[in-house]
Novice: 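One structure coming up, written as structure tokens, with questions to follow.
Below, chains carry the letters A, B, ... as their sequence lines are ordered, and counting in each starts from 1. Just so we're clear, the structure is a prediction, and the values are computed from it rather than from any experiment.
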Amino acid sequence: MKRNRNETNGYEQWGGYMEAKKIKLEKQFIEKATSDGNNVKSQIFKGISIFINGYTMPSSDKLKHIMMENGGVYHHYHRPGLTTHIIASNLPTAKFKLLKQYKIVKPEWISDSLKEQRLLDYRNYLLFIDKSDQPKIDFSIRAKNASEPTFLSEFYNNSRLHLISTMATTFKQLVNNTRKKNQTDYPGRRRLKKWIEQNEVKDILSQDTEFHIKKIIMHIDMDCFFVSVGLVERPDLCGLPVAVTHAKGNSSMKREGVDREAEFGLYVKRWRGDDENDNETVQEIRPQSTKRDMIDEKDSMAEIACCSYEARKLGIKNGMLVGQALKICPILKLIPYNFEQYKKVAYTLYTHIMNDYTLDVEAVSCDELYLDCTQILETTKASPLELATFLRKEIKEKTQCPCSTGLGSNCLLARLATKKAKPNGQFYLESDVIIDFMKNINIFDVPGIGRTLGHKLSTLGISTCGELSGLSLQTLQSEFGNKIGVSLYKHCRGEDNRKLNYDYKPKSVSAEVNYGIRFQNKENADNFVRQLCNEIEKRLDDVDMIGKTITLKLMIRNSEAPKESAKFLGHGFCDHITKSSSLSKSTSSSTLIFQVVNKIMNQLDIDPTELRGIGIQVNKLENRTLKKTGCIKNFLSNMKSDSKQHQNLSNKNTDKQLLRSITESKSQQSSSAKNPHNTALISTEYNKSESIVDVVLHKSENYNSKRQSTITQSASNISSHQSLINIKMSQVDPTFLDALPADLRQEIENELKANEPQTPLTIEHNTATMKISMTEESSKLYQHVHVDQMKEFVEEWVATENEPKLCDNLMVSEYLCNLIKDKKIEDAYEIIRKLYRVIKNKNNLTWKQSYFFIMKNVQDIMLNVYNAKMKVESSF
DNA sequence: ATCCTCCCCTAC
DNA sequence: TAAGGTAGGGGAGGAT
């Protein structure tokens, strides 16, 4: 099925979903890169050819290195007959059945052999104890948690919630972008018209109503989306109780440190609002979370992401734990996730509707959307239900999945109508029946009423909208707050004046992980936080925004909670901490974000081993403004040139040199009041600069000073702190300080002021124009400009120039080529990714050509050096 | 009044 | 084993 897919369709071209793929390719690519330049150290593994299946510890990368340095062979694919051993830490049953005739060995075989400098007997390292039909996996091998460098991508590849979330954002963006098209032809409307004529189902009424067509909103919701998609390839399971989950059955390991009963008890206690010293009031019994009922010691704690209507009839609910579900319904069929397929079906759904019917769509999630049908009904003269019937028929044909639709005069009514229509049905809630209809609606079906609000209402004796409408606005407001009061008051009467929102503008960007967080030390934690910061930067870049407020969110094991959580690698029963910090200048820089987060972490002084969840959030977003026109010149005005400095910087990175570079660059750019002569020296020279090359050269010192002061400010714990104690206030890039939160800035300033010199440093400036050939220039550039700086620069370049200059194209490609020659393709890849992202964002033909031009050069040199092309985006 | 921070709630 | 994310709205209470 996958093989037959047309590879050049819109889906392939469409960004956002390619992340997993990219990560995979990147890995291959790094593997390829590191396969060169090996030096053979021994022949321990002579005659051994391994293929690595799945995630291992040590990583496949490391194992590969070990093999290659010690006479062994590494296969990227399993090659029966050639591969002598399969290395795996874990194997799914299906795979095991395929491979069980081969030697499947734990990776420790390799690492231990290396340690002992001789080939050990693999039979002592077999992954399975016997070769029966079920793999008996030795679970004592190290579990994968957030200390592992590949954890985050692995987690994202398997997290349904992450998927749901990112898909929602992606489709909102898709709607945004599609609406920019000037579409006039809607083939679906023509088909609908034809269908009505042929079927002569037209009812007279609809013709009358066209004179006074009211706004009609349609709500479309796929029926139990994940299950429906899954059943396309498993038609044999149609009609049965089916659930989508990670678990394969109802068995889990008994692990050390787990006390399920104790942990569940803590949740119940918290949910009930238990409090030792509240004995005078009647205890308010909140509904217990029934989620953990009936779970015994070894029942699966995996969650059911989605279950079929047959399963629902038997009492299974989404979110239920597999252990409990199987007790309620032992015949429940469990099927695995298929993330790629969900994306495809959702994409089909959206493009079908938007290409063929209307652009007036609000995306709610991957499987749910609102549609303003006014225009469609006007042009086709169809009745609302005719439209619904026809559209549902087409969606079913296109996606193979059923959906339900509700129609009404506002979003709320359309939604409630859908609820009534489900499964696989449709319902038009007409105005004259609204009052009766609403009377019997269960409060929990009203959007915005969840378990807490719903429960609070139940304690007031209210379970339907009819009863809710008996409460005065005043009561509702004093009980629930002003806004929520109003919304309850209106919603229970079927009123909702919210407009469809077509323009998606993100207000916050966040990344959080509350699974698999097990750190042994602060370094583990820091590394992970850094990854989250990178993730945030990437997401901000994707939407071309920067943000001002950074919030850190931590989950920490509650002191009463068992050491290990009931769920494998779960967060267990935790205390929650959030703390935010406002920058004085918006940013998307992961480095800067990390500084802030790190600072907060240090303040909180949390034991890293007790962390169970970490999240970072950026709020107060604004567009990355393209600054003023001629901003290249602005850019220049922050810079200064001094060939001597370049010299200094090229001997890279000893503390002393960095210190010197700070000293020099800072004194040049310190405020004009302090050093007027320096400012003068920044000179007209820059205004003559035509090429970005100059700019980059100039900015490099500035950048390094930034990096250095960055290190300085992470105050309390960093060892380099001491060696930098001599940094002076006037030496620190003020733009860096500006971007820090006030308290942090104050702290650094105070510290730095203490070191202020008696007399200002004087620096010699060489303002002679550099007249060197492009090649010399670019190699110089390459030597002096740090990769991160180049990334930053590429971004600035694309954002601020209307058209790329040839010399800048050359400069960038030569820089990249230099990197590749130096075998630093990871760095090159990073820059290319950035370049791709910003150009894609810019969506301008000349820039795209510029990308292709640069990539042509890059691929040529790749072929030259590696005899292979770099796997990167080749279309926009 | 309006904003900010730290929550909590809800939805998918 | 298991993959407990993410964005938005809003309230309480204090600062401005």
Novice: Run the salt bridge (charged side-chain N to carboxylate O under 4.0 Å, His left out) test against A:Glu297 and tell me which residues pass, sequence neighbours left out.
Specialist: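 Checked A:Glu297 against salt bridge (charged side-chain N to carboxylate O under 4.0 Å, His left out); matches are A:Lys254.
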Novice: Verify whether one side chain among A:Thr150 and A:Lys144 offers a donor that lies under 3.5 Å from an acceptor in the other.
Specialist: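 The answer is yes; a qualifying pair exists.
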Novice: With the side chain of A:Glu368 defined as its heavy atoms from C-beta on, choose the nearest nucleotide among B:dC12, C:dT1, C:dA3.
Specialist: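 Per side-chain heavy atoms of A:Glu368, the pick is B:dC12.
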Novice: Side chain of A:Arg451, heavy atoms from C-beta onward: which of B:dT10, B:dT5, B:dC7 has the nearest atom to it?
Specialist: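 For A:Arg451, the side-chain atoms sit closest to B:dT10.
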Novice: Taking OP1 and OP2 of B:dC7, is either one under 4.0 Å from a side-chain nitrogen or oxygen of A:His576?
Specialist: no
Novice: The side chain of A:Lys579 is closest to which nucleotide in this list: B:dC6, C:dA2, C:dA7?
Specialist: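 From the listed options, B:dC6 comes nearest.
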Novice: Hey, are A:Ser588 and A:Glu537 close enough side-chain-wise for a donor-acceptor pair under 3.5 Å?
Specialist: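 A:Glu537 vs A:Ser588: no donor-acceptor pair found between side chains.
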Novice: Kindly indicate whether the side chain of A:Phe171, heavy atoms from C-beta on, has any atom under 4.5 Å from the side chain of A:Val175.
Specialist: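 They are not in side-chain contact.
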Novice: When you measure from the side-chain N and O atoms of A:Thr452 to the phosphate of B:dT10, is any distance below 4.0 Å, counting only OP1 and OP2?
Specialist: yes
Novice: Looking only at the side chain of A:Tyr515 (C-beta and beyond, no hydrogens), which of the listed nucleotides C:dG4, B:dC6, C:dA7 gets closest?
Specialist: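 So the nucleotide nearest the side chain must be C:dG4.
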Novice: From the list C:dT1, B:dC12, C:dG4, which nucleotide is the closest neighbour of the side chain of A:Asp367?
Specialist: B:dC12
Novice: Please state how far atom OH in A:Tyr350 lies from atom C1' in B:dC12, giving the value in whole angstrom units.
Specialist: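 Whole-Å distance recorded here is 10 Å.
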Novice: Short question: side chain of A:Glu564, backbone of A:Glu256 - any donor-acceptor pair under 3.5 Å?
Specialist: no
Novice: Categorize A:Gly572 for me: base, sugar-phosphate, or nothing, with a 4.0 angstrom heavy-atom threshold over every strand shown.
Specialist: base
Novice: Do A:Glu303 and A:His246 have side-chain atoms, one donor and one acceptor, less than 3.5 Å apart?
Specialist: no
Novice: Among C:dA3, B:dC4, B:dC12, which nucleotide has an atom closest to any side-chain atom of A:Lys620?
Specialist: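 The answer is B:dC4.
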Novice: A:Asp575 CG to B:dC7 P: how many Å, rounded?
Specialist: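 Interatomic distance, CG of A:Asp575 to P of B:dC7: 11 Å.
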Novice: Measure from the side-chain heavy atoms of A:Tyr156 and tell me the nearest of C:dT6, C:dA3, B:dC12.
Specialist: C:dT6
Novice: If you check every side-chain atom of A:His246, which of C:dG4, C:dT1, C:dA3 has the closest atom?
Specialist: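 Comparing C:dG4, C:dT1, C:dA3 against the side chain of A:His246, the answer is C:dA3.
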Novice: With a 4.0 Å cutoff (strictly under), does any side-chain N or O of A:Asn514 reach OP1 or OP2 of C:dG5?
Specialist: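 Looking at the OP1 and OP2 atoms of C:dG5, one of them is under 4.0 Å from a side-chain N or O of A:Asn514.
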Novice: Within the 4.0 Å limit for protein heavy atoms, which parts of nucleotides 8-13 of chain C are touched? Write it as a string from 5' to 3', B for base, S for sugar-phosphate only, - for none.
Specialist: SSSS--
Novice: Given that A:Arg539 and A:Asn158 both sit by DNA chain C, which one's nearest nucleotide is further toward the 5' end?
Specialist: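 Its nearest nucleotide being more 5', the pick is A:Asn158.
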Novice: Treating A:Asn558 as the side-chain partner and A:Glu560 as the backbone partner, does any N or O pair qualify as donor plus acceptor under 3.5 Å?
Specialist: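 Such a contact is found between A:Asn558 side chain and A:Glu560 backbone.
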Novice: What is the distance from OH of A:Tyr337 to C1' of C:dA3, rounded to the nearest Å?
Specialist: 8 Å
Novice: Any side-chain heavy atom of A:Leu457 within less than 4.5 Å of one from A:Thr459?
Specialist: no
Novice: Quick check on B:dC12: is either OP1 or OP2 less than 4.0 Å from any side-chain nitrogen or oxygen of A:Tyr342?
Specialist: no
Novice: From the list C:dT1, C:dG5, B:dT5, which nucleotide is the closest neighbour of the side chain of A:Ser580?
Specialist: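 Comparing C:dT1, C:dG5, B:dT5 against the side chain of A:Ser580, the answer is B:dT5.
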Novice: Mind calculating the distance between CG (A:Leu161) and P (B:dT10) to the nearest angstrom?
Specialist: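 Rounding to the nearest Å, CG of A:Leu161 and P of B:dT10 are 17 Å apart.
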Novice: Would you indicate what A:Leu163 reaches in the nucleic acid, counting non-hydrogen atoms under 4.0 angstrom: base, sugar-phosphate, or nothing?
Specialist: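 Nothing, no heavy atom under 4.0 Å.
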Novice: Side chain of A:Ser165, heavy atoms from C-beta onward: which of B:dT10, C:dT6, C:dT1 has the nearest atom to it?
Specialist: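 Within the option list, the nearest is C:dT6.
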Novice: Could you tell me the separation between the NE2 atom of A:His162 and the P atom of C:dT6, rounded to a whole number of Å?
Specialist: 6 Å
Novice: Under 4.0 Å between a side-chain N/O of A:Lys567 and OP1 or OP2 of C:dA3, yes or no?
Specialist: yes
Novice: Going by ring centres under 5.5 Å and near-parallel planes (under 30°), is A:His571 stacked on C:dG4?
Specialist: yes
Novice: Using OP1 and OP2 only, check whether a side-chain N or O of A:Arg415 sits under 4.0 Å from B:dA11.
Specialist: no
Novice: Name the nucleic acid region contacted by A:Ala302, choosing base, sugar-phosphate or nothing; use a 4.0 angstrom heavy-atom cut-off, strictly under.
Specialist: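 The answer is sugar-phosphate, as A:Ala302 gets under 4.0 Å only of primed atoms, P, OP1 or OP2.
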Novice: Do A:Ser565 and A:Arg518 have side chains that approach each other closer than 4.5 Å (heavy atoms only, starting at C-beta)?
Specialist: yes
